[in-house]
Amino acid sequence: MSHDFEEEFAGYGDNVASATRVTPGHALRPEDIALQDAPPAADNGEYAVWLGDDSLILAQRLAWWISRAPEMEEDIALGNIGLDLLGHARSFLTYGGKSIGKTEDDLAYWREEDEFRSVHLVEVPGQDFGLTIARQLFFSVYLELLYTRLLNSTDATLAAISAKALKEVEYHVDHATQWMLRLGGGTEESARRIQHSLEVMWPYAHELFVDEPLHERLAATGVAALPSSLKEDWDRRVTAVIEESGLAMPAAKDALCRGRRGEHTEHLGYLLAEMQVLARKFPGATW
Amino acid sequence: MGAENQINDTNATGALQEDKHAWPLWEVFVRSSRGLSHVHAGSLHAPDADMAVRNARDLYTRRNEGVSLWVVLSDNIIASDPRDKESFFESPKGKDYRHATYYTASEGVKHL
């Protein structure tokens, strides 16, 4: 190890970590957040868990594609996106968990279905490439707009996690956009299937923009962005991609979604069973 | 292959794509943060140039390897023929006078 290297990472891993510290790769890590002294206020913590749950559940959905994507290159692309989201979820859940004395693993593996606060959009199955791309478009554009706003959050940790996540989410938007253009402008079959996929995913998109009382309290103190305030930009950007892809705006009606209150579709239970089985069968296992 | 299928498609780069169901092969060149030039890293399949750059990002820079990427359709690379190895590459052997170290500086020559 050269002298420069030692100097660069001096103090690494000791107990003075903060949300803004620079770590190898210049990334904020969940381990750093866990070492912070002050737990977040209850509302801030709850909000962090909501953000973490969305990304965690979608990461699990994307992991399904590993070994199943149409080409090896796309297999890795979807796997990478899933791992990016898992990384964001780890940071948010670590931070949120501190307000109630729980770790990221406690929250991911030991909560029941009705304790998750994720939106329905991320939990419905997407086992068709078109469904996954339509969902990625809807969700990634939402995340990009949300994290851009959270850069100015009065909660420094939420702002720091968002800053790291934003760079990755911008790539997710690009990935989904590229595929929308190609599927929409590809063959008759690809256009038909991506159009159908937009219709299937559309009813769940509106839940991303529902203001819950928690959002309203936190928006008042500058911690959170009000979901409804993102809707106009989201509509404009998603419409532009759909139109450029030569597709029609979906006409399906909104579904009843109350994921933020712990009411989920029948799909979440199966997803959690698969995600949690190892940790529950072998508590404390490491590998 | 039926007659109607024999019209070749062109992809985004204008390259011929004879098989509609196979993505063409691309060669990937990565410039590392400390390297001066792009170095051949490997190859991948992609439907067109834009996707090739993105796939290259996912396949070849996920461990912080690079700051710049080039992709080139493999078909566009003109390679030397391995069978020409002798006539192409053996001629310089024995011609040490092509290296500066072959020469000894004459006494009294400055600035060498």
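To find a chain, count down the sequence lines: A is the first, B the second, and so on, and within it residues start at 1.
The environment of CH2 in B:Trp70 is sparse: at most 12 heavy-atom neighbours from other residues, nucleotides or ligands sit within 6.0 Å. Within 6.0 Å of atom CD in B:Glu86, 12 or fewer heavy atoms from other residues, nucleotides or ligands are found, so the atom counts as exposed in its surroundings. Around atom OH of B:Tyr103, more than 12 heavy atoms belonging to other residues, nucleotides or ligands sit under 6.0 Å away. Residue A:Glu188 places its CD atom among 12 or fewer non-hydrogen atoms of other residues, nucleotides or ligands, all under 6.0 Å distant. In the displayed structure, A:Tyr204 atom OH is contacted under 6.0 Å by at most 12 heavy atoms of other residues, nucleotides or ligands. With a 6.0 Å radius and a threshold of 12 heavy atoms from other residues, nucleotides or ligands, B:Arg98 has its CZ atom above the threshold. Taking a 6.0 Å sphere around NE2 of A:His196, one finds it holds 12 or fewer heavy atoms contributed by other residues, nucleotides or ligands.
A distance of 5.5 Å separates CE of B:Met51 from CD of A:Glu74, quoted to the nearest 0.5 Å. Note: B:Asp48 CG to A:Arg182 CZ = 4.0 Å, rounded to the nearest 0.5 Å. Rounding to the nearest 0.5 Å gives a distance of 8.5 Å between CG of B:Asn55 and CD1 of A:Ile76.
Residue B:Arg62 touches chain A through its side chain alone, counting heavy-atom pairs closer than 4.5 Å. There is no contact between A:Leu78 and chain B, counting heavy-atom distances below 4.5 Å.
Between A:Asp174 and B:Arg57, no side-chain nitrogen of the basic residue sits less than 4.0 Å from a carboxylate oxygen of the acidic one, so the salt-bridge criterion is not met.
Across every non-hydrogen atom of B:Arg54 and A:Tyr171, the tightest pair is O-OH, 3.2 Å.
The closest side-chain heavy-atom distance from B:Leu44 to A:Met72 is not below 4.5 Å. A 4.5 Å side-chain heavy-atom check between B:Leu59 and A:Glu73 finds at least one atom pair inside the cut-off.
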